[in-house]
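Before any comments, here is the structure.
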Amino acid sequence: MADFKKSVVYQIYPKSFYDTNQDGIGDLQGVIQKLDYIRELGVDYIWMTPFFVSPQRDNGYDVEDYYAIDKRYGTMEDFDLLMQEAEARGIKVMLDMVFNHTSDRHKWFQKALAGEQEYKDFYIFKKGKAPGVPPTNWQSKFGGSAWEYVEELDEYYLHLFDVSQPDLNWDNEEVRRSVQKVVRFWMEKGVKGFRFDVVNLISKGKFEDDMEGDGRRFYTDGPNIHQYLKELNETTFGTDAEIITVGEMSSTSMENCYRYGGEKEKELSMVFSFHHLKVDFMGNEKWVIVPFDFLKLKNILFTWQKGMSENHAWNAVFWCNHDQPRVVSRFGNTEKYWKESAKMLGTVIHCLRGTPYIYQGEELGMTNPDFQDISQYRDVESLNHFQILQDRGLSKENAYQILAIHSRDNSRTPMQWNDGKNAGFTEGTPWIEVNSDYKNINAAKELEDADSVFHYYKKLIQLRKDYDVIAYGEIEPLAELHPSVFAYKREYQGESLLVISNFHGKETRWDAEVDLTDYQCILSNYKEHSFTAERCDLKPYETLVLYKNV
């Protein structure tokens, strides 16, 4: 049985990972060639974002064919070789499954547009309320109405994301069977993990106008969601104890996550929730500039940690992914304390209760690229909002400032392998520009430096394997109201672990809420540290991992 509590997952965004055929786009052969690097880091799984056939309107999250590899990434032979080479190194492969919607080029949708009722029922088509008026006032997550009119059918179809991503109708049993068949196909290839994209949106509720918001309360954690996940589990991955699963849960509630990731629920192994990554939003609005709220960050993380633990449910813990800005730019300090803050942020996440996920380049401390012109952006959401922000009356300069902080492209710049051309990512022209700081931050340089962010992440990954308290321990929040310290205690079968971190760029003091006598420091981002039985004096962004076995 897969022990996902002891495991660490490394996320690969293949498009930006490593390009072997010099077309500017990363490929499956690129992942194969870098497997030794991944093994060196010490992770257990690689999660790869979609490389299926796709028009790439949403970088592969608009799937045209679930059974075929997009030629930009390679061939099925490449994938089979990747599985073989990963297994030889003790690395398991997790695939990203996008089942809330397909591409509008998928054959199912093309048949629906042609008027075939069987396939119209695969999607959500509705009559408008009146000529030119959509069925509801719901908003797409990428901006604009969530409904698109099809003149030939005189109906609208639902797309919670881009107009090219029509939502599937999970209430149709044939849709569910088709999805199950896809999962079984990849299981037969030896895949040992699945990440399900925005999976808590698959069961829609009432189709009515939302007088309080953008419609999300009618389609998030919908009425049949748990039934559909249990069914998917029972007919596919639940038949193989080696497989781990994670659901991306958009705007979810913790109460639903007790079930999604509950030990006895037979739904998923664990969940991604994103509330802690909205602490630099204004409510649910991300396209603003506000400082991040540190006390709110602690409160959300601790509330979820305690709630999931008390309800025997499991979290994925993370700062970064392909949709989030680089964490060291977001919550750290990329100038004076780049290395210290990158290590501190990694420590906070990796010692929490949950399975840690590392996004490619996070283990190097990669930063946001600070693009200055809209021509440098590729992300459909960013391009849409650049215009939306100006339509709201913001200047171009303000719109650029907001994109530089919140754009999904911040994490999608090419992996920085060395200080050569295009950071060693490609000899061709990269599909998106390389971050200009690649001479200072790159894998080759960090592999040679024992004090690097990379080697620190290696230690964090190893700690989880060496200390059961990190994998299995309960969690007790500490320093909950301290303005700059993030601290917590883990306990398991006589082992005790304390994690104490200064989240800010100036020295601070923490009067310990627990007796620090007999604790040994097993990891820190500074060579020297100062703590007594009663207190810790912390340098800027200092982090301490203290351990004792009673």
Side-chain angles (χ1 to χ4, degrees), residues 8-11 41 43 272 274-280 291-302 304-305 315-368 405-406 410-411 437 441 446 451-461 463-464 470 475 477-479 482-488 490 497-506 508 510 523-526 529 538-545:
V8 177
V9 183
Y10 185 83
Q11 183 191 354
L41 186 59
V43 299
F272 283 122
F274 297 89
H275 300 280
H276 66 296
L277 296 176
K278 294 182 179 178
V279 294
D280 52 0
F292 83 92
D293 185 331
F294 175 60
L295 290 180
K296 187 176 177 184
L297 177 72
K298 281 200 289 190
N299 181 45
I300 291 170
L301 281 171
F302 285 148
W304 275 78
Q305 286 277 299
N315 258 327
V317 288
F318 70 104
W319 292 125
C320 299
N321 64 29
H322 61 287
D323 286 334
Q324 300 292 333
R326 292 288 181 180
V327 70
V328 70
S329 295
R330 190 174 195 174
F331 301 143
N333 180 318
T334 55
E335 290 159 13
K336 193 173 178 186
Y337 298 108
W338 162 72
K339 189 185 282 189
E340 292 83 357
S341 62
K343 291 178 179 180
M344 179 277 290
L345 289 161
T347 309
V348 167
I349 282 294
H350 279 253
C351 295
L352 286 173
R353 180 185 182 274
T355 299
Y357 284 66
I358 299 167
Y359 177 69
Q360 65 184 45
E362 181 185 347
E363 77 283 8
L364 303 176
M366 277 179 63
T367 65
N368 288 350
I405 293 169
H406 291 298
N410 283 319
S411 58
D437 66 6
I441 302 174
E446 295 201 24
D451 188 44
S452 68
V453 179
F454 177 90
H455 282 288
Y456 190 88
Y457 264 74
K458 267 189 76 170
K459 290 173 186 169
L460 283 173
I461 293 163
L463 279 186
R464 178 166 288 266
I470 298 177
I475 185 160
L478 301 170
H482 196 292
S484 53
V485 171
F486 195 120
Y488 53 88
R490 307 287 312 279
L497 188 95
L498 287 172
V499 179
I500 305 155
S501 301
N502 180 4
F503 237 80
H504 291 279
K506 54 181 188 291
T508 194
W510 177 53
L523 188 65
S524 176
N525 58 349
Y526 280 87
H529 32 261
L538 297 165
K539 294 181 270 298
Y541 296 102
E542 183 172 4
T543 187
L544 298 171
V545 182

When you measure from the side chain of Gln305 to the backbone of Arg353, do you find a donor-acceptor pair of N or O atoms at a distance under 3.5 Å? yes

Distance only, no hydrogens: is a donor on one side chain within 3.5 Å (strictly under) of an acceptor on the other, for Ser329 and Asn410? no

Hey, are the side chains of Ile461 and Ile358 touching, using non-hydrogen atoms and a 4.5 Å cut-off? yes

Side chains of Leu463 and His350: does their closest heavy-atom pair fall under 4.5 Å? no

Please step through side-chain contact (heavy atoms from CB on, under 4.5 Å) for the pair Tyr456 and Thr543, ending with a clear verdict. CA-CA 12 Å; Tyr456 190 88; Thr543 187; 3.4 Å; yes

Could you tell me if the side chain of Trp319 sits less than 4.5 Å from the side chain of Gln324, heavy atoms only? no

Spacing of Glu340 atom CD and Asn502 atom CG [to the nearest 0.5 Å]: 11.5 Å

Which heavy atom in Val328 sits nearest to a heavy atom in Gly365, and how many Å separate them? CG1-O, 3.7 Å

Going by heavy atoms in the side chains, are Phe274 and Asp323 under 4.5 Å from each other? no

Would you say the side chains of Thr367 and Thr334 form a donor-acceptor pair under 3.5 Å? no

Between Tyr526 and Tyr541, is the ring centroid distance below 6.0 Å? no

Given 3.5 Å as the limit, does a donor-acceptor pair link the side chain of Lys298 with the main chain of His482, or not? yes

Would a distance-only check, ignoring hydrogens and angles, find a side-chain to backbone donor-acceptor pair under 3.5 Å from Ser341 to Gly332? no

Value for NE2 (His455) from CG (Leu41), rounded to nearest 0.5 Å, stands at 10.0 Å

Are any non-hydrogen side-chain atoms of Leu478 and Trp510 less than 4.5 angstrom apart? yes

Taken to the nearest 0.5 Å, the spacing of Lys459 NZ from Phe454 CZ works out to 12.0 Å

Testing the 3.5 Å rule here: is there a donor-acceptor pair between the side chains of Glu542 and His529? no

Are the side chains of Asn525 and Thr347 in touch, meaning some heavy atoms are under 4.5 Å apart? no

Quick check on ring-ring contact (aromatic ring centres under 6.0 Å, His included): which of Tyr357, Tyr10, Phe272, Tyr359 does Phe318 satisfy it with? Phe272

If I compare all heavy atoms of Ile405 with all of Pro325, which pair ends up nearest, and what's the gap? O-CG, 3.2 Å

Test side-chain contact (heavy atoms from CB on, under 4.5 Å) applied to Val485 and Leu538, step by step: CA-CA 9 Å; Val485 171; Leu538 297 165; 3.9 Å; yes

Quick check against the 3.5 Å criterion: does Ser501 have a side-chain atom that pairs as donor or acceptor with the backbone of Met344? no

NE2 of His276 to CD1 of Ile349, rounded to nearest 0.5 Å, is 5.5 Å

Only one of Thr355, Leu301, Val348, Leu352 forms a side chain to side chain contact (heavy atoms under 4.5 Å, CB included) with Val317, so which one is it? Leu352

Can you check whether Ile470's main-chain N or O pairs, donor with acceptor, with Arg490's side chain at less than 3.5 Å? yes

Atom pair OH (Tyr488) and CD1 (Ile500), whose distance is rounded to the nearest 0.5 Å: 10.5 Å

Step by step, would you call Leu544 with Leu498 a side-chain contact (heavy atoms from CB on, under 4.5 Å)? CA-CA 8 Å; Leu544 298 171; Leu498 287 172; over 6 Å; no

Pairwise distance NZ(Lys296) to NE2(His275) - rounded to 0.5 angstrom: 10.5 Å

Side-chain contact, heavy-atom cut-off 4.5 Å: Phe294 with His504? yes

For residues Phe331 and Leu277, determine if any side-chain heavy atom of one lies less than 4.5 Å from a side-chain heavy atom of the other. yes

Main-chain N/O of Gly361 paired to Glu363 side chain as donor or acceptor, under 3.5 Å: yes

